Amino acid sequence: MERTWRWFGKNDKITLAMLRQIGVEGIVTALHDVPLGEVWTREKIRDLREYIESYGMRWSVVESLPVVETIKYGGPDRDEQIEVYKESLRNLSAEGIHTICYNFMPVLDWARTDLLHDNPNGSSNLYFSYAEFAYFDIYILKREGAREEWAKFEFPAGVGQGRNVLAEADELSKTMTPEKEHKLVENIIIKTQGFVSGNFSENDEAPIQKFRDFLDLYKGIDKAQLRANMKYFLEAIMPTCEECGMNMCVHPDDPPIEILGLPRIVRTEEDIEWFLNAVDNKHNGLTFCAGSLSAGAYNNVVEMARKFAPRTHFVHLRSCHIFPNGDFTEASHLGGRADIVELARIFERENPELPMRVDHGMTMLGDEERGYNAGYSFLGRMFALGQVQGILATVDRELGIEYKQPGFFD
């Protein structure tokens with residue numbers, strides 16, 4: 001697979017010169033300075049593409065060209081925003097960029113409660129605590145109906161059996177401080193969302209109220225309606241994708257659970273099968289994020305990879321570990337539920353040119369002091385990329401595929 005890296009533009013503290021040295025072939029990025037809902041112009045796309053190419057790499061994948069909320073909930077300006085989206089697709093295609101990773105998650109792009117959770121080896125990882133998330137929902141967000149929903153919450157078979165998340169959230173309320181609440185808000189809303197082209201920024205003065213306002217947009221939107229809205233969007237853009245050779249690949253919900261009263265429609269094998277069949281076009285495909293999928297105890301990640309490899313246009317190789325109580329954390333790229341070694345075999349057989357990135361990595365060896373975006377450390381991801389490069393070299397030898405380390409003796 002093509003070894004790619006998510007990079008956040010010219011202001012990223014991790015430079016392209018650094019990435020070239022560690023074996024990165026392709027860059028995964030976006031026009032982060034373009035406001036939501038505006039056309040990406042050819043001039044801006046070309047400027048960034050040429051900058052990337054000046055370092056000997058290519059712009060492999062757009063992650064992401066955001067699908068604005070009005071398209072997701074079916075607002076009055078949905079068709080207008082779809083036309084904006086199609087124009088951006090045409091401009092990207094004209095500049096030679098043909099793979100778009102996007103998501104159809106309402107409001108939140110991804111969610112964790114702890115961004116620096118201690119590992120036994122002294123590094124740290126992203127972590128999701130159900131009790132802390134329930135506390136955020138009930139006591140900080142004060143969402144209507146939250147207490148009743150958490151009272152009925154059940155874990156899938158095999159994890160969290162007998163656990164009462166609502167009782168744990170109530171117990172947390174006895175020891176919670178304003179400082180701890182502020183940290184939860186930062187972790188769930190700001191630090192995981194503010195650095196992407198999303199709904200929130202680090203400059204928001206009232207993020208809680210802004211969050212509530214976004215949730216209100218989805219009142220009355222259930223799973224069936226959100227599915228219908230996704231199908232409407234995909235059917236509208238597929239002619240443009242056909243015309244321009246654009247591969248759309250949706251990212252699974254992260255985490256793959258229903259949260260905050262919002263429907264989630266890309267979290268299980270059945271969900272993926274539904275949207276691929278609903279708009280049965282080769283340009284309508286999947287970003288196979290092994291990390292997101294492995295956070296769901298009900299997902300058999302390897303079997304899903306075998307089933308959906310022909311419609312996969314982009315791969316995120318990472319893995320999650322689910323604790324017996326149901327909480328989960330990012331795992332080593334050689335551990336966790338995802339079995340990255342077998343996934344490498346599956347996707348190398350399907351298409352050795354498929355772009356892949358290691359996605360989240362440990363925070364280690366001073367990463368936490370360098371101001372990197374949450375989940376996107378340098379040394380931790382470099383360590384993960386080294387692990388995955390070794391996996392790929394071994395798998396390629398098994399399969400009789402030539403493995404070439406970029407940058408050596410070209």
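Note that the structure is predicted; figures quoted are calculated from it, not measured. The analysis underlying the following values was restricted to heavy atoms, covering all of them including side chains, and did not include hydrogens, waters or symmetry mates.
Checked for salt-bridge contact, Arg381 and Asp367 miss the test: no charged N lies under 4.0 Å from a carboxylate O. Salt bridge Arg143/Asp216: absent, no basic N to carboxylate O contact under 4.0 Å. The pair Arg345-Glu348 does not count as a salt bridge, with every side-chain nitrogen at least 4.0 angstrom from each carboxylate oxygen. We find that Glu342 and Arg306 are joined by a salt bridge, their nearest charged nitrogen and carboxylate oxygen being less than 4.0 Å apart. With respect to Arg227 and Asp271, a salt bridge is recorded, a charged nitrogen being found less than 4.0 Å from a carboxylate O. Contact check on Glu53 versus Arg49 returns a salt bridge, with a Lys/Arg side-chain nitrogen under 4.0 Å from an Asp/Glu carboxylate oxygen. Here Arg357 does not pair with Glu25 in a salt bridge; the nearest charged N to carboxylate O distance is not below 4.0 Å. The pair Glu95-Arg46 meets the salt-bridge criterion, since a charged nitrogen lies less than 4.0 angstrom from a carboxylate oxygen. The residues Asp253 and Lys223 are annotated as not salt-bridged, no charged nitrogen and carboxylate oxygen being separated by less than 4.0 angstrom. In this structure, Asp33 pairs ionically with Lys44, as a charged nitrogen and a carboxylate oxygen lie closer than 4.0 Å. The pair Arg42-Asp47 fails the salt-bridge criterion, with no side-chain N (NZ, NE, NH1 or NH2) lying under 4.0 Å from an Asp/Glu carboxylate O.
Using a 30° and 60° split on the angle between ring planes, His321 and Phe323 fall in the perpendicular class, above 60°. Below 30°, between 30° and 60°, or above 60°: for Tyr51 and Trp7 the angle between ring planes is below 30°, a parallel geometry. Ring orientation note: the planes of Phe8 and His32 are tilted relative to one another, at an angle of 30° to 60°.
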Going through the distances and angles, do Arg112 and Asp254 end up as a salt bridge (Lys or Arg N to Asp or Glu O under 4.0 Å)?
CA-CA 9 Å; Arg112 299 291 187 275; Asp254 187 8; 3.0 Å; yes
Decide side-chain contact (heavy atoms from CB on, under 4.5 Å) for Leu334 and Ile340; before the verdict, give the C-alpha distance in whole Å, the side-chain angles of both, and the deciding distance to 0.1 Å.
CA-CA 7 Å; Leu334 298 179; Ile340 287 176; over 6 Å; no
Could you give me the CA-CA distance, side-chain angles and deciding distance for Met1 and Val315, then say whether side-chain contact (heavy atoms from CB on, under 4.5 Å) is met?
CA-CA 9 Å; Met1 285 178 278; Val315 177; 4.2 Å; yes
Evaluate the criterion side-chain hydrogen bond (donor to acceptor under 3.5 Å, both in side chains) for residue pair Arg78 and Tyr73; output intermediate values, then yes/no.
CA-CA 9 Å; Arg78 168 171 63 173; Tyr73 68 80; over 6 Å; no
Any chance you could lay out the ring-ring contact (aromatic ring centres under 6.0 Å, His included) test for Phe275 and Phe104, step after step, and finish with the verdict?
CA-CA 11 Å; Phe275 87 81; Phe104 220 80; 9.8 Å; no
Going through the checks in order, is the side-chain hydrogen bond (donor to acceptor under 3.5 Å, both in side chains) test met by Gln209 and Asp213?
CA-CA 6 Å; Gln209 187 54 52; Asp213 292 342; 2.9 Å; yes
For ring-ring contact (aromatic ring centres under 6.0 Å, His included), just list the numbers for Tyr135 and Tyr139, CA-CA rounded to whole Å, side-chain angles, deciding distance to a tenth of an Å, and then say yes or no.
CA-CA 5 Å; Tyr135 178 90; Tyr139 286 94; 4.8 Å; yes
Verdict with supporting geometry, Glu269 and Asn299, side-chain hydrogen bond (donor to acceptor under 3.5 Å, both in side chains)
CA-CA 7 Å; Glu269 180 177 340; Asn299 286 329; over 6 Å; no
Just do the side-chain contact (heavy atoms from CB on, under 4.5 Å) check on Met362 and Asn119 with the steps written out, would you?
CA-CA 9 Å; Met362 292 184 291; Asn119 291 325; 4.1 Å; yes
Please assess Phe136 against Ile208 for the test side-chain contact (heavy atoms from CB on, under 4.5 Å), listing each intermediate value before the final yes or no.
CA-CA 10 Å; Phe136 167 81; Ile208 295 297; 4.2 Å; yes
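Atom CG of Leu286 is separated from atom CG of Asn247 by 12.0 Å, given to the nearest 0.5 angstrom. Here OG1 of Thr329 is found 4.5 Å from CG of Asn125. Values are rounded to the nearest 0.5 Å. Put simply, NE2 on His98 and NE2 on His283 are 10.5 Å apart, with the number rounded to the nearest 0.5 Å. For the atom pair CG (Leu16) and OG (Ser54), the distance works out to 7.0 Å, reported to the nearest 0.5 Å. A distance of 11.0 Å separates CD in Glu149 from CD1 in Ile259, rounded to the nearest 0.5 Å. With rounding to the nearest 0.5 Å, the separation of CD1 in Ile272 from CZ in Arg311 is 11.5 Å.
Scanning both residues, Met238 and Val279, for their nearest heavy atoms gives CG-CG1, 3.7 Å. Between Val358 and Val388 the shortest heavy-atom distance is CG1-CG2, 3.8 Å. Between Ala169 and Ala134, the shortest heavy-atom contact is CB-CB, 4.0 Å. Between Leu392 and Ala344 the shortest heavy-atom distance is CD2-CB, 4.0 Å. Closest heavy-atom contact between Leu385 and Ile22: CD2-O, 3.7 Å. Closest of all the heavy-atom pairs between Leu89 and Cys241 is CD1-SG, 4.2 Å.
Two residues are said to be in side-chain contact when any heavy atoms from C-beta on lie closer than 4.5 Å; Trp274 and Lys231 meet this criterion. Side chains of Leu234 and Val250 form no contact here, defined as non-hydrogen atoms less than 4.5 Å apart. Inter-residue side-chain proximity for Arg264 and Pro255 is flagged as met; some heavy-atom pair is nearer than 4.5 Å. When side chains are defined from C-beta on, Trp40 does not count as touching Asn91, because their heavy atoms never get closer than 4.5 Å.
Ring centers of Phe378 and Tyr376: at least 6.0 Å apart, outside the cut-off. Between Phe155 and Tyr130, the distance separating the two ring centers is shorter than 6.0 angstrom. Close placement of the Phe347 and Phe288 rings is indicated, their centers lying within 6.0 Å of each other.
None of Glu63, His360, Arg6 except one satisfies the side-chain hydrogen bond (donor to acceptor under 3.5 Å, both in side chains) rule with His316; the exception is Glu63.
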